[in-house]
Amino acid sequence: MLEIKNLKKSFSGRVILDNMNVTVKDREVLSIVGPSGAGKTTLLRCITGLEKADSGEFLIDGQSFNPQGTDTSDSVIGVVFQDFNLFPHLSVFDNITLAPTMVLKKDKNEAKAEAENLLAELGLKGKGDLYPFQLSGGQKQRVAIARALAMHPKILCYDEPTSALDPNLRREVEKLILGLKQDGMTQLVVTHDMEFAKNIADDILEVSSLDKLNQK
Amino acid sequence: MSLSYISEILPSLFQGASLTLQLFFWTLIGSLPLGIVVSLGLTSNIKPIRWVLDFYVWLMRGTPLLLQLIFVFYGLPIIGVVFHRYDAAVFAFILNYGAYFAEIFRGGLQSIDNGQYESARVLRLSYWQTIRKIVIPQVVKIVLPSVGNEVINLVKDSSLVYVIGLGDLLRAGNVATSRDVTLVPLLLVGIIYLILVGICTYLLHKVEQRYSYYK
Ligand SMILES: Nc1ncnc2c1ncn2[C@@H]1O[C@H](COP(=O)(O)OP(=O)(O)O)[C@@H](O)[C@H]1O
Ligand SMILES: [Mg+2]
């Protein structure tokens, strides 16, 4: 279970998130919805340590962790970026196995075997030797998911997983997320698409822009 | 243009070409790593480092290489730094080309999408792992054409060492031309430069091909 308590984040005095509380229960999907500019990406970037929160507490299974920490015990969050950010010069296999071999010091063959399993589960069997530019958007997204899962995160976060894809792929993404949920993955999905959120989420958290408050 | 005359002067031309090649290789061996390190400094967040390196690049690119050669060989001894002719040439060339390479690499580094660093970061790769495995391979591909241009320039720029009295390829040709009152040696010099540049172009093309496996 991921808990975030009293998160506050501002950019040069402009408050984006204030007194934010988020709970994602094990094996559930939490959707965070809100209009563009509400601070959804910022929230995700705080959770993943890409931005430093002004204040707030981060707990995983009741244990406090530091999203910006470099300790392996801080390594609990997996991320699927909005435009995936795959490494273009690495094959699908190398994209997935790079961090497990370099960071977790996993044996190369072991990491590759695991990558093969992940690819098979995600419907990408036999695509390991391709390069990102040879994949469709949906395939890239699944490679990004495999790359995150290979680090065994306790929770997987997505930023707008439908926005970089063809609208008719939305159903596919829903199935993908629900499939991972069935496998026991805890997931946090940021989206501005309420209908999509309703289809995947156990719980929905709405965020709204604080700009009106700022003006007071 | 008799064959016997050509075979007579070729050894001295080859001797000159050998100095040209040595200067070429030592310059590359020194200036490419220097360029990498300086470019990392140029893109760092530490302002004093950036100022110093910006000044260095400005100085090297803002003055003729010929002038730099003269300063290193004739100027530095005034403050007690004495180089042999050849060392002075290598030193000046490394400093000069290091600056050009640094600027090229800086451009390459800045064209790497921030998302690449962020991906690496959430995967917990360290700074140096990110530089080595993610950044440098992509930068190499981006900068190859510009680096190739500089490499070809270097083959020809090496002829500037005549100014400090080094016997390179061009000088060897000049000596023979004024001694024998014929343009044949210089014609041969031109052909040798063309062959050297041709080989470089071919090799650079091969390297570029090796990096064309992704877009
Ligand atoms: N690095 C930043 N510096 C300053 N302002 C930022 C930065 N990142 C985001 N913002 C601002 O924070 C607000 C929320 O942005 P964001 O989290 O991207 O919203 P959302 O993802 O919900 O569309 C926006 O007004 C945006 O301009
Ligand atoms: Mg966003």
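All chains are named by letter (A, B, ...) in the order of the sequence lines, taking the proteins before the strands, and each is independently numbered beginning at 1. All values below were derived from every heavy atom in this structure, side-chain atoms included, with hydrogens, water molecules and symmetry-related copies excluded. Everything numeric in this text was worked out from a predicted model, so none of it was measured.
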- Query: Where does A:Pro67 contact chain B at under 4.5 Å (heavy atoms): side chain, backbone, both or neither?
  - Reply: backbone
- Side chain, backbone, both or neither: which part of A:Met151 has a non-hydrogen atom closer than 4.5 Å to chain B? side chain
- Query: Non-hydrogen atoms of chain A under 4.5 Å away: do they reach the side chain of B:Glu118, the backbone, both or neither?
  - Reply: both
- Check whether A:Tyr131 gets within reach of chain B through its side chain, its backbone, both or neither, counting any heavy atom under 4.5 Å. side chain
- Task: Select one option (side chain, backbone, both, neither) describing which atoms of B:Tyr211 are under 4.5 Å from chain A's heavy atoms.
- Result: neither
- When the 4.5 angstrom heavy-atom criterion is applied to B:Arg124 and chain A, the contacting part is both
- For the residue pair B:Gln110 and B:Thr43, confirm or rule out a side-chain donor-acceptor distance under 3.5 Å. no
- A:Asp202 pairs by side chain to side chain donor-acceptor pair (under 3.5 Å) with which of A:Lys181, A:Lys25, A:Arg27? A:Lys181
- Query: Hey, does the Lys NZ or Arg CZ of B:Lys156 hover above the aromatic six-ring of B:Tyr193, less than 6.0 Å from the centre and inside 45° of the axis?
  - Reply: no
- Task: Taking the side chain as every heavy atom from C-beta outward, state whether A:Phe133 and A:Lys140 have any pair of such atoms under 4.5 Å apart.
- Result: no
- Item | B:Ser119 and A:Arg147 side chains, donor-acceptor separation under 3.5 Å | yes
